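A short worksheet on the structure shown next.
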Amino acid sequence: MSQVAEIAVDVQNAVKRYGDFTALKSISLGVYHNEFFTLLGPSGCGKTTLLRMIAGFEDVTEGAIFLFGTEIDALPPNKRPVNTVFQNYALFPHMTVLENASFGLEMLGKSRAEAKARAGEMLELVQLSQFASRKPAQLSGGQQQRVALARALAPSPKVLLLDEPLSALDLKLRKAMQIELKHIQRETGITFIFVTHDQEEALTMSDRIAVMSAGELQQLGAPREIYEHPQNRFVADFIGETNLIEVTISEVADGRAKCRIGGGHVIECDAPGQASGSACLSVRPERMVLSAGNASGIAVPARVVENIFVGTDIATWLKVDGGPEISVRISNSARSTIFEPGANVFVNFEAGAARLLMD
Amino acid sequence: MKPATNVRAYRGFFGITLLCLFILYAPLVVVTVYSFNDSRSITVWEGMSLRWYADVFVGPESGKFKEAAFNSFTIALVAATVATAIAVTSATAIVRAGRFRLRMPSLGLITLPIMVPEIVLAVATLIFFNSIGISRGYLTILIAHIAFCIPFAYLPVQARMQGLEDTFEQAAMDLYATRFQAFRRVLLPLMIPGIISGFLLAFIVSLDDFIITNFVKGAGVETLPTAIFGSVKQGIKPNIMAISTMLLGVSVIMVAISYFAAKWDNTK
């Protein structure tokens with residue numbers, strides 16, 4: 001992008017306290033226009049609270065929230081041009097699918113005919129036109145989810161908020177909906193803010209992800225950046241699978257650190273600014289390979305403990321001499337060598353595959 | 001599923017069950033059966049007849065009973081309607097408005113009249129009317145009935161409201177409805193089963209009330225229960241049994257509707 005993208009939602013030092021409990025500790029983040037933005041974190045991390053603050057269901061204790069430059073945190077939900085897809089959908093059970101989808105437009109003062117026409121278009125977008133006159137209870141979970149989406153999109157919100165909308169669906173349907181949501185987001189050009197605890201879902205769908213934990217923003221970045229360059233132990237551990245190896249830094253020179261693994265093996269890798277003392281090395285299982293002889297690059301001696309078959313891969317668990325247990329992913333193909341439990345091998349990885357994390 | 005305890009295995013289970021059923025229902029059965037008795041006697045069966053039902057409508061006491069029935073039903077209708085409206089607004093505040101000071105005391109005050117002995121309420125209401133100088137009559141009965149019907153209307157409404165997730169109103173407000181529109185368009189329609197149930201319960205309680213009514217009614221104004229009581233004081237005639245049976249029928253029908261309304265889930 002050559003020009004600076006417009007910021008749709010700007011959260012500035014937002015704090016949320018419930019009595020003595022602080023749910024959000026001063027969060028600041030900007031969501032770009034047309035972006036698929038995900039708030040990711042374990043339950044209780046404050047992601048839903050932040051979403052509800054943007055929607056207007058929770059007061060902002062301190063700080064401010066701007067929507068396209070206008071401060072909105074004092075407005076009631078019905079005065080904010082954002083719509084929400086609720087986790088349990090919250091479809092109005094006494095109204096038909098079409099009445100649900102046209103509700104927002106009617107409340108905005110559009111004529112009934114105009115509202116119904118627009119709602120009809122939205123139902124077409126989510127492929128539910130033939131169910132327009134049904135009641136929500138007559139639809140399957142996946143269909144209800146689409147109605148909720150159509151209902152929230154119909155008033156053309158400036159930002160669409162989605163609160164774990166896929167969590168009630170089974171795996172296959174969830175995967176299909178992930179792709180469909182992504183398509184709809186591109187097609188409509190509406191900014192999506194999506195809340196999930198599922199890191200895989202976040203990686204699949206998002207343009208950018210904000211990883212949250214214990215009311216704090218841990219890292220904000222594109223999926224790949226977060227996966228490849230986690231900034232701390234929480235992010236490395238929460239996103240994907242990783243091996244977290246405790247190390248002691250013995251020497252830092254020219255941005256490189258010498259790290260001693262438990263018993264004594266020393267490896268060298270890129271060091272962050274303030275590297276010293278004890279730290280943690282994160283290496284993804286798929287970035288490591290096993291070899292029988294002493295290969296070039298980093299090679300850590302270890303003994304195979306167990307092989308676990310996981311379909312496309314085989315996960316080999318190893319005990320590093322004088323160190324922790326780690327896992328290595330070996331592709332399940334004819335060319336891969338599988339070492340039997342008890343075998344002494346070397347774990348090889350490039351220095352670039354290891355991330356040294358100070359906290 | 002196998003029940004944890006098989007109560008039938010307890011000794012005397014059937015005996016006690018039958019005894020309880022007998023004590024509860026034998027009087028009702030006797031009254032119902034003897035209301036069809038073709039005799040002036042209330043104890044000797046002389047064959048099937050509807051003469052006492054006819055007597056209620058055209059007999060010498062029919063004028064008194066018709067007037068009492070009119071009073072009873074109009075009072076019950078108005079009292080139940082007003083009490084239900086108050087119950088809906090109270091439940092909205094207590095269940096929906098989040099936490100506020102005096103929330104629990106409000107809940108207590110609304111439901112307390114159910115637990116207060118009725119005679120105490122009756123005396124208190126009478127003293128209240130006397131002290132503010134309202135002369136006793138139709139109006140005092142109506143006001144008293146509205147007051148003691150509120151908790152009966154309130155409880156089913158509250159139960160229903162608690163069963164509704166507040167995300168429905170949040171979704172409505174998220175879709176640009178004002179608080180009032182969210183209430184009117186979403187919450188109220190979903191409340192209907194609870195409202196019907198509360199209304200019918202209040203109606204029945206008002207229709208059946210004797211103690212409070214008797215205290216606050218004043219001379220010359222009767223409701224069905226006070227009229228029946230007045231009649232019985234001069235000896236029980238079978239026409240009383242016919243009226244009682246009809247009242248019983250109305251009560252059973254309304255309680256049944258109330259029960260099914262409370263179970264009706266219009267969110268599905």
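The shown structure was predicted, so the numbers you read here are calculated from the model rather than taken from an experiment. Per chain, numbering begins at 1; letters A, B, ... match sequence-line order.
- Contact residues of residues 73-86 of chain A toward chain B are A:Pro77, A:Asn78, A:Arg80, A:Pro81, A:Val82, A:Asn83, A:Thr84, A:Phe86 (heavy-atom distance under 4.5 Å).
- Interface residue B:Ala172: backbone and side-chain heavy atoms are both found under 4.5 Å from chain A.
- When the shell of 6.0 Å around CD of B:Glu67 is examined, it contains 12 or fewer heavy atoms from other residues, nucleotides or ligands.
- Contact record, B:Val186 with A:Met95: CG2-CE, 4.3 Å, taken as the closest heavy-atom pair.
- Residue-environment remark: OH (A:Tyr18) exceeds the threshold of 12 foreign heavy atoms within 6.0 Å.
- Shown here is A:Lys182, whose NZ atom has more than 12 heavy atoms of other residues, nucleotides or ligands within 6.0 Å.
- The contact between B:Gln170 and chain A is made by backbone and side chain atoms together, counting heavy-atom distances below 4.5 Å.
- Counting heavy atoms of neighbouring residues, nucleotides and ligands inside a 6.0 Å radius, atom CZ of B:Arg103 exceeds 12 of them.
- For chain B, the nearby part of A:Leu91 is the backbone; its heavy atoms alone come within less than 4.5 Å.
- Residues from residues 117-124 of chain A never place a non-hydrogen atom less than 4.5 Å from a non-hydrogen atom of chain B.
- Within 6.0 Å of CE in B:Met115 there are more than 12 heavy atoms belonging to other residues, nucleotides or ligands.
- Note that the CZ atom of B:Arg185 and the CD atom of A:Glu106 stand 5.5 Å from one another [nearest 0.5 Å].
- No more than 12 heavy atoms of other residues, nucleotides or ligands shown are found within 6.0 angstrom of OH on B:Tyr25.
- Inspection of non-hydrogen atoms places A:Arg52, A:Ala55, A:Phe57 of residues 43-69 of chain A under 4.5 Å from chain B.
- Chosen from A:Ala154, A:Ala90, A:Ala152, the residue pairing most often with chain B at heavy-atom distances under 4.5 Å is A:Ala90.
- For B:Arg96, the CZ atom sits in a packed shell: over 12 heavy atoms of surrounding residues, nucleotides or ligands are nearer than 6.0 Å.
- Screening residues 99-122 of chain A for ring pair (Phe, Tyr, Trp, His ring centres under 6.0 Å) gives A:Phe92-A:Phe103 as the qualifying pairs, with residues at least two apart or on separate chains.
- Between B:Leu190 and A:His94, the closest heavy-atom pair is CD2-ND1, 3.5 Å.
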